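A short write-up of the structure that comes next.
Counting starts at 1 for both ligands and their atoms, following the listed order. Everything numeric here is computed off the predicted structure, so don't read it as measured data. Counting begins at 1 with the first residue of the sequence.
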Amino acid sequence: MSTIFTQIINREIPADIVYEDEMCLAFRDINPQAPVHVLLIPKKQIVSMATVEMEDQVILGHLMVKASEIASSLGLGESGYRLVVNTNADAGQSVFHLHIHILGGRKLTWPPG
Ligand code: 5GP
């Protein structure tokens, strides 16, 4: 089932897009939890980390490399950042289209809540 992120990919609803290529899209979170809060998503509709398959390994590798590049391009490479992938209910996943949160621009606490 498609989600609001499919609508963002298809430009049916607006988003502040910071990066795009044939495999992925990155845009600023509508409810930022840090000065920099970007969501990086595959264009393929993967539901969550709980449903990834071996055939997704190229996409997943691509996302991690792009997360690093995007974080650096947003000025976080030196200061640091956190990549988060909330998965299913206990982690509070609310949009069931796999996404990597890229969070930075402030000191992040650990452990996460
Ligand atoms: P989750 O809780 O599933 O890990 O994260 C979903 C994220 O998507 C949340 O941080 C939420 O603020 C963000 N989000 C939900 N709807 C929209 C939207 O329409 N536009 C944007 N840019 N972000 C959204």
Side-chain angles (χ1 to χ4, degrees):
M1 206 173 82
S2 71
T3 72
I4 197 146
F5 290 173
T6 299
Q7 292 176 272
I8 290 175
I9 292 168
N10 293 334
R11 306 300 202 272
E12 290 162 3
I13 62 167
D16 185 355
I17 292 169
V18 298
Y19 178 79
E20 179 171 25
D21 65 25
E22 69 289 351
M23 245 186 247
C24 68
L25 184 71
F27 50 93
R28 292 187 193 273
D29 197 293
I30 204 167
N31 182 24
Q33 302 301 311
V36 177
H37 188 173
V38 164
L39 301 172
L40 173 60
I41 68 172
K43 288 188 173 174
K44 178 180 174 185
Q45 209 176 300
I46 299 171
V47 170
S48 78
M49 282 303 293
T51 69
V52 296
E53 300 171 340
M54 274 308 290
E55 69 177 36
D56 297 323
Q57 64 181 312
V58 171
I59 295 172
L60 295 171
H62 185 83
L63 288 175
M64 293 305 281
V65 173
K66 289 300 165 185
S68 169
E69 290 180 7
I70 292 164
S72 290
S73 77
L74 295 172
L76 304 177
E78 282 287 315
S79 53
Y81 55 92
R82 186 170 294 162
L83 304 180
V84 174
V85 186
N86 292 323
T87 303
N88 284 344
D90 275 3
Q93 183 176 1
S94 61
V95 179
F96 288 86
H97 182 132
L98 181 76
H99 48 282
I100 300 175
H101 296 259
I102 303 172
L103 295 149
R106 67 169 169 83
K107 185 87 177 156
L108 299 165
T109 57
W110 191 263

Counting heavy atoms only, which part of L39 comes closer than 4.0 Å to ligand 1: side chain, backbone, both or neither?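 Under 4.0 Å from ligand 1, L39 contributes side-chain atoms alone.
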Could you tell me which atoms of ligand 1, counted from 1 in the order shown, lie closer than 4.0 angstrom to a heavy atom of [X]?
X   : answer
G92 : 2 (O)
Q93 : 3 (O)
F5  : 8 (O)
H99 : 1 (P), 3 (O), 4 (O), 5 (O), 6 (C)

Can you check whether [X] has an N/O within less than 3.5 Å of an N/O in ligand 1?
X   : result
I8  : no
H37 : no
A15 : no

Could you check [atom] against the protein and tell me its nearest heavy-atom contact, residue, atom and distance included?
atom                    : value
atom 3 (O) of ligand 1  : S94 N, 2.7 Å
atom 16 (N) of ligand 1 : I4 CG2, 4.1 Å
atom 15 (C) of ligand 1 : V95 CG2, 4.2 Å
atom 12 (O) of ligand 1 : D29 OD1, 2.5 Å

Quick check on the 6.0 Å ring-centre criterion: do H97 and H99 meet it?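 Centroid distance H97-H99: not below 6.0 Å, so no.
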In plain terms, say whether E20 and R11 are close enough for a salt bridge, that is, a side-chain N and a carboxylate O under 4.0 Å apart.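 Yes.
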Count the heavy atoms of every other residue, nucleotide or ligand shown that sit under 6.0 Å from CG of D21, and state whether that count exceeds 12.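 Yes, because the 6.0 Å sphere around CG of D21 holds more than 12 heavy atoms from other groups.
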Neighbour count >12 (heavy atoms, 6.0 Å) for atom CE, M23: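 More than 12 heavy atoms, drawn from other residues, nucleotides or ligands, come within 6.0 Å of this atom.
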So which heavy atom on [X] is nearest to which on [Y], and how close?
X   : Y   : answer
V95 : Q93 : O-NE2, 3.0 Å
D29 : P32 : O-CD, 3.6 Å
A50 : T87 : N-CG2, 3.7 Å

Quick one: pull up CG in L40 and CD1 in I100 and give me the separation to the nearest 0.5 Å.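 Answer for the CG-CD1 pair, L40 versus I100, is 5.0 Å.
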How long is the gap from NZ on K43 to CD1 on I41, to the nearest 0.5 Å?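 Result: 9.0 Å between the selected atoms.
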Per atom 14 (N) of ligand 1, closest listed option by heavy atom (T3, I17, I30, N31):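 Result: the heavy atom closest to atom 14 (N) of ligand 1 is in I30.
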From atom 22 (N) of ligand 1, work out which of H101, Q7, R28 has a heavy atom at the shortest distance.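 It is R28 whose heavy atom sits nearest to atom 22 (N) of ligand 1.
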